[in-house]
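Report on the following structure.
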Amino acid sequence: MIFLFDSALLALGDILFLSGLTMTIGVSRTIRFFTRKDRVRGIAAFFGGIFLVMCRWGMTGMILQVYGIVNLFGQFFPIAAESMKALPVIGPLFSTPSVDSFFKSFGSTGSRSTRLPPV
């Protein structure tokens with residue numbers, strides 16, 4: 001259990017995550033993403049978690065980071081779950097009503113609506 005929250009490895013993972021995100025979407029988009037005013041709570045929680053991991057509070061920092069990631073990337077979870085339904089082994093699991101409603105609840109809190117207007 002002690003190796004699960006090794007602060008050095010968690011800090012390395014945080015650095016690699018941020019550098020990978022920057023290399024994937026670019027520097028300007030990364031800065032724009034982490035400076036959005038509608039996501040202040042998630043941004044503060046995520047970077048606060050990184051700070052706690054760097055201060056060797058691994059478990060507390062990871063809990064805070066998970067909260068921040070859910071707030072930052074919550075709108076992506078329903079999209080990912082929708083594509084998981086097409087997979088052969090775990091597709092039926094993601095098609096069950098309870099799992100489907102769980103993932104759809106993430107997208108409903110965002111400021112932008114992804115639904116089309118009725119025709």
Side-chain angles (χ1 to χ4, degrees):
M1 181 84 175
I2 191 79
F3 296 113
L4 189 62
F5 293 103
D6 183 29
S7 295
L9 291 176
L10 291 174
L12 181 64
D14 290 337
I15 292 168
L16 290 175
F17 172 76
L18 289 174
S19 63
L21 183 69
T22 304
M23 285 190 270
T24 302
I25 65 174
V27 175
S28 64
R29 281 188 166 181
T30 303
I31 291 170
R32 219 175 321 144
F33 179 76
F34 284 115
T35 56
R36 290 176 53 184
K37 294 190 188 304
D38 61 334
R39 303 259 184 229
V40 172
R41 186 183 318 168
I43 294 165
F46 182 70
F47 283 109
I50 290 176
F51 177 74
L52 287 176
V53 166
M54 298 287 183
C55 291
R56 307 196 49 83
W57 285 57
M59 186 179 293
T60 308
M62 281 304 297
I63 292 170
L64 200 58
Q65 281 182 8
V66 167
Y67 176 76
I69 285 175
V70 167
N71 275 320
L72 286 173
F73 299 105
Q75 291 179 339
F76 174 70
F77 293 147
I79 297 167
E82 223 21 71
S83 61
M84 294 286 197
K85 288 180 184 177
L87 295 176
V89 176
I90 61 172
L93 174 71
F94 280 89
S95 296
T96 59
S98 59
V99 174
D100 191 40
S101 65
F102 173 74
F103 280 108
K104 285 186 179 177
S105 69
F106 283 107
S108 64
T109 60
S111 60
R112 287 188 258 172
S113 177
T114 57
R115 289 182 289 187
L116 295 175
V119 178

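No hydrogens, no waters, no symmetry mates; every other heavy atom, side chains included, goes into these values.
Here CZ of F102 is found 11.5 Å from OG1 of T96. Values are rounded to the nearest 0.5 Å. Taking CG of L21 as the start and CZ of R29 as the end, the distance is 11.5 Å to the nearest 0.5 Å. Distance check, rounded to the nearest 0.5 Å: CD of Q65 to OG1 of T60 gives 11.0 Å. Atoms OG1 and CE, from T30 and M23 in turn, are 10.5 Å apart once rounded to the nearest 0.5 Å. Residue M84 holds its CE atom at 14.0 Å from CG of D100, rounded to the nearest 0.5 Å. Atoms CG and CZ, from D6 and R56 in turn, are 7.0 Å apart once rounded to the nearest 0.5 Å.
What you find for S98 and S101 is that their closest heavy atoms are O-OG, 3.0 Å. Closest approach of F46 to L72, counting heavy atoms only: CB-CD1, 4.0 Å. Summarising the geometry of S7 relative to G58, their closest heavy-atom pair is OG-N, 3.8 Å, with the distance given to 0.1 Å.
Sorted by first and then second residue, the ring pair (Phe, Tyr, Trp, His ring centres under 6.0 Å) pairs with a member in residues 58-92 read F33-F73, F77-F106; sequence neighbours excluded.
F17 CZ: more than 12 foreign heavy atoms inside a 6.0 Å radius.
Considering only heavy atoms from C-beta on, I79 stays 4.5 Å or farther from F103 through its side chain. I15 places a side-chain heavy atom less than 4.5 Å from the side chain of M54.
The hydrophobic cluster around L52 extends to W57, L64, counting ILVMFWY residues whose side-chain heavy atoms fall within less than 4.5 Å of a member.
I69 and V66 fall into different hydrophobic clusters, defined by Ile, Leu, Val, Met, Phe, Trp and Tyr side-chain heavy atoms under 4.5 Å apart, directly or through other members. Under a hydrophobic clustering in which Ile, Leu, Val, Met, Phe, Trp and Tyr are joined whenever their side-chain heavy atoms come within less than 4.5 Å, directly or via other members, L12 and V53 fall into different clusters.
R39 places a side-chain N or O within 3.5 Å of a backbone atom of N71 that can act as its donor or acceptor partner.
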- Message: Would L18 and F34 count as a side-chain contact (heavy atoms from CB on, under 4.5 Å) here? Give the steps.
- Response: CA-CA 11 Å; L18 289 174; F34 284 115; 4.1 Å; yes
